[in-house]
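These notes concern the structure reproduced below.
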Amino acid sequence: MSEVVTEAVKVMNEKDTSGFDGTAKFDVEDEGCFMVDSSGAREGDEAADVTLKADADTFKSILDGDLDPTSAFMSGKLAIDGDMGKAMQLAQVLS
């Protein structure tokens with residue numbers, strides 16, 4: 001996996017994901033994927049309830065708290081496929 005994905009996993013594991021009751025896949029364009037569930041984040045590319053796809057800069061901005069996930073989605077920087085309810089729940093974890 002890429003350094004970008006490895007760093008994103010590290011940052012996500014510093015957040016409290018215990019309230020997220022699903023699985024999410026973050027697809028970082030040209031870098032790879034990582035998974036998030038209630039136990040934390042890990043590198044992987046598995047089936048998930050919701051998949052979020054964006055470039056590395058967008059994900060970095062979201063994970064750093066500089067970009068709201070909803071704003072990223074509304075502006076077209078973040079694509080979401082799957083359960084929108086899970087995506088909204090995940091947005092709470094990211095903020």
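Since we're looking at a predicted model, the values are computed, not measured. For the numbers below, each heavy atom of this structure counts, side chains included, while hydrogens, waters and symmetry mates do not.
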Same apolar cluster (I L V M F W Y, side chains within < 4.5 Å links), M35/V93: no

Transitive ILVMFWY side-chain link M74 to L52, under 4.5 Å: yes

Name of the residue among V11, D57, L67 meeting side chain to side chain contact (heavy atoms under 4.5 Å, CB included) with I62: L67

So, taking the atom named [atom1] in [X] and the one named [atom2] in [Y], what distance separates them when rounded to the nearest 0.5 Å?
| X | Y | atom1 | atom2 | answer |
| --- | --- | --- | --- | --- |
| D37 | K25 | CG | NZ | 14.0 Å |
| L63 | F26 | CG | CZ | 6.5 Å |
| K60 | D55 | NZ | CG | 12.5 Å |

Contacts of A91 that satisfy side-chain contact (heavy atoms from CB on, under 4.5 Å) - sequence neighbours left out: P69

Side-chain atoms of residues 76-84: list all donor-acceptor pairs with protein atoms under 3.5 Å, sequence neighbours left out, distances to 0.1 Å.
residue: D83; atom: OD1; partner: G85; partner atom: N; Å: 2.8
residue: D83; atom: OD1; partner: K86; partner atom: N; Å: 3.1

Ring geometry between F34 and F59 (parallel below 30°, tilted from 30 to 60°, perpendicular above 60°): perpendicular

Least distance between heavy atoms, A41 atom then V9 atom: O-CG1, 3.7 Å

Heavy-atom pair with the smallest gap, counting every atom of V28 and A56: CG1-CA, 3.7 Å

Heavy-atom neighbours of K53 NZ exceed 12 at 6.0 Å: no

Residue pair M12, L94: steps toward the side chain to side chain contact (heavy atoms under 4.5 Å, CB included) verdict: CA-CA 8 Å; M12 274 305 297; L94 294 171; 3.4 Å; yes

S2 side chain to V5 backbone, donor-acceptor under 3.5 Å: yes

T23 backbone acceptor or donor facing D49 side chain under 3.5 Å: yes

Salt bridge (charged side-chain N to carboxylate O under 4.0 Å, His left out) pairs, two or more places apart, involving residues 65-74: none

